[in-house]
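This report concerns only the one structure given below.
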Protein chains: 2
Amino acid sequence: MQRRVTIEDIAREAGVSRQTVTRAMNDMPRISEATRARVLEVSERLGYRPSRFASNLARTSKAKTIAFVVDSFRNPYYSELTADLLDAASARGWQMTIASHENEPELELIGRLAGEVDAIVGYLSEPDETALVAAARGVPIVLLGSTVTTESLHSIDLDFISAFRKLIPELESRGSRRFALLESQPLGTEYDPSTRRIAYERAVDTRSAEAVVVCEAPPQSVDAGELGFNELMDRFPDTDTVIAFSDLIAMGALRAAHHRGIDVPGQVRLVGVDGLSLGAVTSPALTSLAILGTEFTEQIADVTERALSGAEVPFEHRSVVPLVIWRESA
Amino acid sequence: MQRRVTIEDIAREAGVSRQTVTRAMNDMPRISEATRARVLEVSERLGYRPSRFASNLARTSKAKTIAFVVDSFRNPYYSELTADLLDAASARGWQMTIASHENEPELELIGRLAGEVDAIVGYLSEPDETALVAAARGVPIVLLGSTVTTESLHSIDLDFISAFRKLIPELESRGSRRFALLESQPLGTEYDPSTRRIAYERAVDTRSAEAVVVCEAPPQSVDAGELGFNELMDRFPDTDTVIAFSDLIAMGALRAAHHRGIDVPGQVRLVGVDGLSLGAVTSPALTSLAILGTEFTEQIADVTERALSGAEVPFEHRSVVPLVIWRESA
DNA sequence: AACAAAAGCGTGATCGCTCACGCAGGGCTT
DNA sequence: AAGCCCTGCGTGAGCGATCACGCTTTTGTT
């Protein structure tokens, strides 16, 4: 392993001082064109790469970098949220690095990120918050979409209880009587019931509360929605309104309905969750309990901004209510 | 502006040495539980944030970070590519930061990124390569999807000429006679004809070469495709095969065809470009000249790896040929 | 011609952390 | 009881850049 080429090497080779090399590299004034060219030539020849750590340390950089962590950027919900958050981040002059915990143990990932960024934002699944905070080694964490119990990190939760409590009556006023939920997360020893499911069950009548079908593998996909919808209509044929766990699942349901000759929203009303922009181009366009396009992104950015501001900021726990976007499917 | 809380402050306040603070923070051995707890408590109280620059500098970090730059992460092509590249990057232990040049002058962006990452990869639109390289201040650039003329950066281009030369005859063997192109990029003083258009024109007969419709604003969207397809069928009614600039545009065309009662692929065959996974869930599923899911990602990662390896690597210029994925629409 | 100003370049000091050591004290072995 | 290892800490020396100066030499001004 050969030693790194430093500014000193360039200086020696070009017969100038470090400062002059700096001047040449960052095109600062007070250097002649001739020497600048010579230095640049030498640095190219030796393959010099300035160390971003050294220079940022020396200039006590104000540049902030945040990490955004999600399950998978292949899921349109996460990728759209990423795009939104990137806008908010760059508006504030932050860099944003992305990571998914598909291929790496989460705590390990957090540990790696902690050495590289100034804040970690995202959907994390590690339930042990203390371990999370420990792995982050002083780097603040903004946890999304889940309820935090300790006072050691920031969080922004989604209030599906309120959202469903508003959604269901509105649907009823449009004629909905028999609801059903296309759930994504199985109920079992290792899974708590999803907050969406809880919110759904609380908001509907008892008969509808039983009409829940879990979309199996592959999870969170259009195909899962298609399968799930078919099973749903087989088991609960008098359903007139379907709430899907996500817009992706709703899109699958839409396709299944199409194949079965079921008119949406004529025979069955369909509501997704997420507010994907993709939902606007299906036919019929998807009505959705939107997270995207609400204040969610701004809240994330705002809390992150505080977290970044350093020192002893109190831990914030906010909650945003998803908002219904009425389109054609319901 | 108050001074930053450093490791020294913690050490003083906790009555220990810097090294002990380091040991506590990075939970290293050779420290008693009592002192570790005390140090942690103090550091929390003072709001200590370790400087990632200082620590990385001191440990001469091997961690690499690359920046991935595209037009917009709202475009599914870019977001899927991002997901693919992220996999390749994390498999190699790199961090990946993302940036779009929607809201910021490109050269400025490059300059900012240069101070934060070890390589810049992406679709860049600045035509002045010298300016690009200068803005990057020694940080290597891997340019995607365009032909490079100078020998100062790496590049990976898409060979649409070859791709179309294979695609068109295959379509003809399936019965296609009158082709049309749904182009996205207008032809004008500030735009060169797109490589896709050139490749198309070279591969089809003269009559088809005239059948080109430009999908206007908003560019690169489903809506644009819908409008474009309608115009196309109005102006060139005997078209039997439509090549869309992208899968998104093809999806719009699909919708338009649906509304006009045109059967795809029965009456009109439709081929997109990109290979979006989304194309698999439309009905009919989209045949596409795929970039995603080909060796493109691996080639990018491979070239980037060389670029990152430092020193005097020769500049590479590779080219990958998009690959037809036959699905239902053609 | 005299003096000021600017251009061109170099020398510590410093940014905040980690690493390689060094050194004391307590519990083990033999 | 002498020797040894292990635990628990602390001290100097960098990591690779930039910044604030300071020093010559040129250029310009009156």
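A note on names: the letters A, B, ... follow the listed sequences, proteins ahead of strands, and every chain is numbered from 1.
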With B:Glu298 via salt bridge (charged side-chain N to carboxylate O under 4.0 Å, His left out) - residues at least two apart | B:Arg92

Not counting sequence neighbours, which residues clear ring-ring contact (aromatic ring centres under 6.0 Å, His included) with A:Tyr123? List them please.
-> A:Tyr78

I'd like a table of atom pairs between the protein and nucleotides 26-28 of chain C - only N or O on both sides, under 3.5 Å - with the distance next to each one.
none

Find the distance A:Arg36:CZ to C:dG8:P and express it as a whole number of Å.
-> 10 Å

Of all heavy-atom pairs between A:Ser100 and A:Leu109, which one has the smallest distance, and what is that distance?
-> O-CD2, 3.9 Å

C:dA7 phosphate, OP1 or OP2: any side-chain N/O from A:Ser32 under 4.0 angstrom?
-> no

Answer with base, sugar-phosphate or nothing: what part of the nucleic acid does A:Pro29 contact at a heavy-atom distance below 4.0 Å?
-> nothing

Could you tell me the separation between the CD atom of A:Glu8 and the P atom of C:dT11, rounded to a whole number of Å?
-> 10 Å

Find which nucleotide of DNA chain D each of B:Leu57 and B:Ser17 is nearest to by heavy atoms, and output the residue with the more 5' nucleotide.
-> B:Ser17

Between A:Gln299 and A:Arg318, what is the shortest heavy-atom contact and its length?
-> OE1-NH1, 2.5 Å

Can you check whether B:Asn26 has a side-chain N or O nearer than 4.0 Å to OP1 or OP2 of C:dT18?
-> yes

Could you tell me from which nucleotide to which nucleotide of DNA chain D, 5' to 3', there is an atom under 4.0 Å from chain B heavy atoms?
-> D:dT7 to D:dG16

In whole angstrom, give the distance that lies between atom CZ of A:Phe53 and atom P of C:dC17.
-> 14 Å

Minimal heavy-atom distance between A:Val5 and A:Tyr48, with the atoms involved, is O-CD1, 3.3 Å

Heavy atoms under 4.0 Å, any strand shown: does B:Val21 hit a base, just sugar-phosphate, or nothing?
-> nothing

note: B:Arg52, atom CZ; C:dT18, atom P; distance rounded to Å ~ 14 Å

Donor-acceptor contact below 3.5 Å, side chain A:Ser90 vs main chain A:Gly93 = no

For A:Ile31, report the nucleic acid contact type (base, sugar-phosphate, nothing); a contact means any heavy atom under 4.0 Å.
-> sugar-phosphate

Mind running salt bridge (charged side-chain N to carboxylate O under 4.0 Å, His left out) on A:Arg38 and A:Glu41 for me, showing each step along the way?
-> CA-CA 5 Å; A:Arg38 181 158 43 93; A:Glu41 183 274 323; over 6 Å; no

So B:Glu316 and B:His154, side-chain hydrogen bond (donor to acceptor under 3.5 Å, both in side chains) or not? Walk me through it.
-> CA-CA 5 Å; B:Glu316 301 225 32; B:His154 306 265; 5.8 Å; no

Take the protein atom CZ of A:Arg137 and the nucleotide atom P of C:dC17, then report the distance between them rounded to whole Å.
-> 13 Å

Is any NZ, NE, NH1 or NH2 atom of the basic residue among B:Asp84 and A:Arg74 found under 4.0 Å from an Asp or Glu carboxylate oxygen of the other?
-> yes

Which protein N or O atoms sit under 3.5 Å from an N or O of nucleotides 19-24 of chain C?
unit_1, atom_1, unit_2, atom_2, d
C:dC19, N4, B:Gln19, OE1, 3.0

Charged N to carboxylate O under 4.0 angstrom, A:Glu116 versus A:Arg52?
-> yes

Using atom CD1 of B:Ile7 as one end and atom P of C:dC15 as the other, report the distance to the nearest whole Å.
-> 14 Å

Run the salt bridge (charged side-chain N to carboxylate O under 4.0 Å, His left out) check on B:Arg12 and B:Glu8 step by step: do they pass?
-> CA-CA 6 Å; B:Arg12 196 178 320 112; B:Glu8 200 97 33; 5.7 Å; no

Pairing residues for B:Asp71 by the salt bridge (charged side-chain N to carboxylate O under 4.0 Å, His left out) criterion, not counting sequence neighbours = none

